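Take a look at the structure set out below.
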2 protein chains.
Amino acid sequence: MKSTIPDTGVPITPPASNGDRQENRHEASLHGEILLRLRDYVVEGNIPEGARVPERQLCEMLGISRTPLREALKVLAAEGLIELLPNRGARVRQLSQRDLEELFDVMAGLESLAGRLACEAITDAEITAIEQLHYEMYGYYLHRDMHGYFQANQRIHESIVAAARNETLKTAYANFAGRIRRVRYSANFARRRQRWAEAMREHEAILDALRRRAGSELSDILFQHLRNKRTAAIEHLTEPQESVPASP
Amino acid sequence: MKSTIPDTGVPITPPASNGDRQENRHEASLHGEILLRLRDYVVEGNIPEGARVPERQLCEMLGISRTPLREALKVLAAEGLIELLPNRGARVRQLSQRDLEELFDVMAGLESLAGRLACEAITDAEITAIEQLHYEMYGYYLHRDMHGYFQANQRIHESIVAAARNETLKTAYANFAGRIRRVRYSANFARRRQRWAEAMREHEAILDALRRRAGSELSDILFQHLRNKRTAAIEHLTEPQESVPASP
DNA sequence: TACCGCTATTTTGCATTCATTTTTTGTCCA
DNA sequence: TGGACAAAAAATGAATGCAAAATAGCGGTA
């Protein structure tokens, strides 16, 4: 059964199944397990942009037949991570600049919504936790620790989404975030101190609005914040990509 | 091959394939064709809430084998239209009141986003077209023509989404709209003249903000508008469901 | 050598088959 | 009569098989 793997372009390393996330009850069946693992595999960028998804090879790698794999591929295609070419299998979807702009805007809309809803339901404790993250992030900012900064930043945004108390929104958010994650835009766009300082100010405004439970105001600020992020990211992408190697 | 269909609970009438919509390139393959038809079949409410999706029966009805059907089912499950029970097949997803509230809020967020984006890109001609629809809708309102009213109303909202110039958003919007469509909330919630008149006023405010390209203002109005819709719909659902037959 | 057309191999899409699990049916016994 | 158990039937989940399509390989010709 466990046959040797013929060498092809794609690096073969079985992705570890991550802890459960969204998804109805997929994780129970083999198909669901495959779906989770394959999604992570793609999101983490293990297959280069626009490259074919080698069906047979993945089957051998995962030790399964083609049926459940193909089912998972169909789902990933519906999610927008890969695309299906008739009689030519699946390719990792290549996002055009336009696609990225669209995705960023949709993310902005979802976060903007999350902020609005969060204002209706968020507890003082949750706000305190976010403040905590904010100060933590500020520390990273001062120390120019970009990695830490982004981690804290992401957790703040996730906290806001969580405070919205809307699982449907959360799932949609995770889905779009996954599509974008393949693009390593965050790598160095904030090198510009200018933008970085701006972002910090925006985050302060976010916190302020959140404290006051000013829903529609927060909604505005979040949208604008994400819009600015988008601009920075896109600008970065169109410039010479100094430090965005295909596979590190 | 074309065997006779054993009688079961589910009405067997092949759904006509509708014109293409979203979806990558699905429509080319058999699987994609099935996906489109099956989605419409479910969205149109041909299978009762919470009922099993009869695999074998659908295969016979569609004249295909189980493989492409099951692929389509997996996608529909990912879209949230049905749910997969391990070893017990698929069921049409039953939306709780909470689910509906969540869905409405997400729709509100997406439309709110659409309005904001539309203000950046909409042409005068498009605005004129929406005004046209608005007057048309007003006519239906005056004549108490609910069906016409809802049609015009839906076209207005779709026009706004279209004016946002964001295919990603449009697809997501269509997806969520489909999930809700199964619930025939619109049937008579607007019987209350009160709410109906309110909705008309809100629509006038929407148009006004759109004309002025007041993005964040429009965003607010749209969110509130949808929120009110949600409230009306949910209220309606929790009351004695006078005219919501399972299958007309 | 570059280019074209032809055949062989691989890959894809779907149907079919097989092993389990679930559901139904039937029977026995209190 | 009714309930518990067991066997039969059906359905599900995944593997395998097969025809059609696409890709790669190869030889011939200019």
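Remember, it's a predicted structure, so these values are computed and weren't measured experimentally. Below, chain A is the first sequence line, B the second, and so on; all start at residue 1.
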Heavy atoms from C-beta onward define the side chain here; which of [options] lies closest to that of [X]?
{"X": "B/N87", "options": "C/dT22, D/dA15, C/dT17", "answer": "C/dT22"}
{"X": "A/S65", "options": "C/dC14, D/dA14, D/dA15", "answer": "D/dA15"}
{"X": "A/R66", "options": "C/dT17, C/dA15, D/dG17", "answer": "D/dG17"}
{"X": "A/S29", "options": "D/dA15, D/dA14, C/dC14", "answer": "D/dA14"}

Ignoring hydrogens and angles, tell me if any N or O in the side chain of B/R179 forms a donor-acceptor pair with the backbone of B/E79 under 3.5 Å.
-> yes
Spacing between [X] atom [atom1] and [N] atom [atom2], to the nearest angstrom:
{"X": "B/I34", "N": "C/dG13", "atom1": "CD1", "atom2": "P", "value": "15 Å"}
{"X": "B/L85", "N": "C/dT23", "atom1": "CG", "atom2": "C1'", "value": "14 Å"}
{"X": "B/E33", "N": "C/dC14", "atom1": "CD", "atom2": "C1'", "value": "15 Å"}
{"X": "A/L35", "N": "D/dG13", "atom1": "CG", "atom2": "C1'", "value": "16 Å"}
{"X": "A/L30", "N": "D/dT12", "atom1": "CG", "atom2": "C1'", "value": "13 Å"}
{"X": "B/E55", "N": "D/dA14", "atom1": "CD", "atom2": "P", "value": "11 Å"}

Verdict with supporting geometry, B/N228 and B/T231, side chain to side chain donor-acceptor pair (under 3.5 Å) = CA-CA 5 Å; B/N228 296 340; B/T231 307; 5.1 Å; no
Before accepting this row, confirm whether a basic side-chain N of the pair A/E158/A/R155 lies closer than 4.0 Å to the acidic partner's carboxylate O.
->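 No.
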Looking at [X], I'd like to know whether one of its side-chain N or O atoms comes within less than 4.0 Å of OP1 or OP2 on [N].
{"X": "A/R52", "N": "C/dT12", "result": "yes"}
{"X": "B/R88", "N": "D/dA11", "result": "no"}
{"X": "A/R70", "N": "C/dT12", "result": "no"}

Comparing nearest nucleotides in DNA chain D, the 5'-proximal residue of the pair B/R56, B/T67 is B/R56
After noting the C-alpha distance and the side-chain angles of A/Y173 and A/E111, does the key distance pass the side chain to side chain donor-acceptor pair (under 3.5 Å) rule?
-> CA-CA 8 Å; A/Y173 184 82; A/E111 281 213 33; 2.6 Å; yes
